[in-house]
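Step one of this worksheet: look at the structure below.
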Amino acid sequence: MNIYSRTIKEINKMLINREIGAVELTRYFLDNIKRKNKEINCYITVCEDKALRKAEEAQKLIDSGENISPLCGIPYAVKDNFCTENIRTTCASKMLENFIPPYSATIVNKLEEKGAVILGKLNMDEFGMGCSSENSFFGPVYNPWNQEYVAGGSSGGSAAALAADLAGFTLASDTGGSIRQPAAFCGVVGLKPTYGLVSRHGLIAFASSLDQAGPMTRDVTDCAIVLNEIAGYDPMDSVSVRKGFENYLDGIDRGVDGIKIGMPEEFFNTDFAPEIKEAIFKAAEELCQHGARSYEVSLPSVKHTVPCYYIISSAEASSNLARYDGIRFGYRNPDARNLDELYKFSRSEGFGKEVKRRIILGTFALSSGHNDKLYSKALKVRRLISDEFKNILEKVDCLVAPVYPTTAFKAGGDNCKDPLKMYLSDIYTAAVNLAGLPALTVPLGLDSKGLPIGMQIIGKAFCEKLLFQVGHAIEKIAGRIIPGVKS
Amino acid sequence: MADIDTVKKVADLAALSIEENELEEYARDLDAIIGYMEQLSLIDTGNIAPMEHIVSVTNAFREDEVTNTDRREDLLKSAAVTKNNYYIVPNVVEQI
């Protein structure tokens with residue numbers, strides 16, 4: 001039976017119709033991981049025994065004939081910055097190399113209650129800092145489309161695992177583009193939900209005012225299915241928004257008739273790969289042929305996104321990462337002679353270079369004499385950017401934009417050697433985090449190198465439904481792309 | 001504007017120690033990044049209030065109920081060094 005790269009919706013049907021058993025399905029993914037993970041390096045930890053146990057439990061639920069969740073029996077994997085009880089959680093850092101959390105993130109618990117089967121923990125840029133998943137203590141993640149290229153980051157493992165068919169869906173997090181960019185690089189669907197929609201309890205903090213958890217899936221329908229199960233208020237996340245259940249599948253295939261789409265000139269006037277530009281314009285044109293209308297719109301302040309984002313995110317990171325003191329958990333230097341040395345040695349050896357660079361940048365931006373000029377100023381610019389998005393989204397229903405200036409770039413190249421250059425590429429994604437809005441990456445076919453092209457759709461706060469509706473229409477036009485399968 | 005001394009000072013504030021042979025690289029990167037970020041000072045932000053947070057949540061209350069249980073052993077397992085059910089730190093009080 002061919003189950004290669006099947007969607008959750010398809011697998012769910014096969015499980016219910018007894019075309020496949022949950023254990024057999026889990027074994028399929030575990031075998032794939034054994035065969036392919038060495039090359040892709042997307043898993044840091046695989047929990048085979050637990051997965052098989054959970055699959056047996058899921059099969060019992062399916063056999064009971066009761067109304068089961070669409071995720072029951074579906075094998076999934078989790079970015080390694082979500083705490084998982086009794087399963088090592090590393091954040092791809094030496095600092096947490098041996099950290100076994102005593103509790104699970106709320107959304108991991110939610111999936112467990114639904115009978116989803118956890119396969120393991122996924123590689124990433126250390127603490128979410130990076131755009132290629134090469135800043136990992138456990139080695140870089142490679143792109144399943146072409147292993148000479150990166151998978152993107154920071155959630156590179158989450159995107160690569162899906163593209164290589166090593167999980168049915170994955171969980172990831174997005175602080176400045178970390179779900180959307182790797183999804184684009186690997187040709188899968190990725191949603192950064194509205195800030196506050198999905199609980200972050202148990203997500204290891206990077207920049208708290210920007211961090212958001214979200215799903216990566218094979219198609220838009222699957223994304224709505226997973227969001228249905230993980231969204232919702234959680235008293236354990238103090239910025240979680242109290243909102244009733246919304247079925248994100250409702251109206252997903254309604255089409256785009258009458259939908260107003262904005263194309264921000266400040267994004268399209270920048271220098272990015274012509275093939276991506278062409279693909280996005282073509283997609284917009286086809287949406288218009290299906291009844292949508294497109295408008296050129298202006299967001300004058302988004303050009304300040306990168307300085308604003310890196311000041312705020314690094315400042316928050318410097319504060320969040322102060323908890324790693326070598327004492328209660330995490331790496332501890334064995335030779336420290338006093339408390340000061342214990343802190344300094346443990347932190348300096350436990351954190352990688354990029355993490356240290358961001359802590360230093362953030363500490364500098366918050367330090368006396370620089371705070372007004374950098375941190376406070378960035379907070380004001382953040383409001384400018386956020387207000388401009390809000391105003392534009394009163395006039396149009398959503399925005400379309402590139403995700404990254406290029407498709408996946410070569411692994412081991414110079415991209416990590418010049419940090420400023422690397423930061424500048426986050427311009428299209430990070431603005432969305434500053435404004436707290438939802439955005440969905442959908443694939444638009446392949447470029448001339450055979451690498452996936454992605455586009456993001458940005459919406460009003462809590463209007464994920466519309467993103468799915470537009471994304472679904474694009475998917476019908478552009479089709480799914482699967483490694484090794486001609487589209 | 002950000003030089004080796006700046007990196008040393010800021011690293012100290014952040015409880016980090018940077019290797020001597022890496023100081024120059026950190027200083028160069030920091031200088032380039034800060035230099036770029038200072039473009040923000042050119043933007044007129046007039047009376048705009050700083051935006052600390054996107055969701056205006058004030059005081060997220062919950063019921064005043066005990067929800068945690070005694071998990072001392074579980075929690076101590078995460079520490080590299082413990083003794084008699086306590087965390088251990090180097091001596092912080094000087095001996096006479």
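All values below were derived from every heavy atom in this structure, side-chain atoms included, with hydrogens, water molecules and symmetry-related copies excluded.
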Quick one: what part of Val89(B) sits under 4.5 Å from any heavy atom of chain A, side chain, backbone, both or neither?
both
Let me know if Leu361(A) has heavy atoms under 4.5 Å from chain B in its side chain, its backbone, both or neither.
both
Go through Leu16(B), Ile88(B), Ile34(B), Leu13(B) and name the one with the most non-hydrogen pairs under 4.5 angstrom from chain A.
Leu16(B)
Determine whether Ile360(A) and Ile18(B) make a side-chain contact, defined as any pair of heavy atoms from C-beta on separated by less than 4.5 Å.
yes
Per-residue tally against chain A (heavy atom, under 4.5 Å) across Pro50(B), Ala79(B), Ala14(B) peaks at Pro50(B)
Pairs of heavy atoms under 4.5 Å with chain B: top-ranked of Ile100(A), Ile359(A), Ile311(A)
Ile311(A)
Go through the atoms of Leu30(B) and report whether side chain, backbone, both or neither lie under 4.5 Å from a heavy atom of chain A.
side chain
Check: every donor-acceptor pair under 3.5 Å linking chain A and chain B:
unit_1	atom_1	unit_2	atom_2	d
Pro102(A)	O	Arg71(B)	NH1	3.0
Pro102(A)	O	Arg71(B)	NH2	2.6
His304(A)	ND1	Gln39(B)	OE1	3.4
Arg328(A)	O	Ala79(B)	N	3.2
Arg332(A)	NH1	Ile88(B)	O	2.8
Arg332(A)	NH2	Ile88(B)	O	2.9
Lys344(A)	NZ	Asp12(B)	OD1	2.3
Arg347(A)	NE	Ala14(B)	O	3.1
Arg347(A)	NE	Ala15(B)	O	3.1
Arg347(A)	NH2	Ala14(B)	O	2.9
Ser348(A)	OG	Ser17(B)	N	2.7
Ser348(A)	OG	Ser17(B)	O	3.0
Ser348(A)	OG	Ser17(B)	OG	3.2
Lys353(A)	O	Tyr26(B)	OH	3.4
Lys353(A)	NZ	Glu25(B)	OE1	2.9
Lys353(A)	NZ	Glu25(B)	OE2	3.2
Arg357(A)	NH1	Asp29(B)	OD2	2.7
Lys373(A)	NZ	Glu38(B)	OE2	3.2
Lys377(A)	NZ	Ile43(B)	O	2.7
Lys377(A)	NZ	Thr45(B)	OG1	2.8
Leu379(A)	O	Met51(B)	N	3.0
Arg383(A)	NE	Ala49(B)	O	2.6
Arg383(A)	NH2	Pro50(B)	O	3.1

Answer with side chain, backbone, both or neither: which region of Ala365(A) has an atom nearer than 4.5 Å to a non-hydrogen atom of chain B?
neither
Heavy-atom pairs under 4.5 Å with chain A are the metric here; pick the option from Leu75(B), Leu76(B), Val81(B) that has the most.
Val81(B)
Heavy-atom pairs under 4.5 Å with chain A - which of Ile33(B), Val92(B), Val55(B) has more of them than the others?
Ile33(B)
Leu40(B) side chain reached by Leu374(A) side chain, heavy atoms, under 4.5 Å:
no
Residue selection (most heavy-atom pairs with chain B, distance under 4.5 Å) from Leu379(A), Leu434(A), Leu210(A):
Leu379(A)
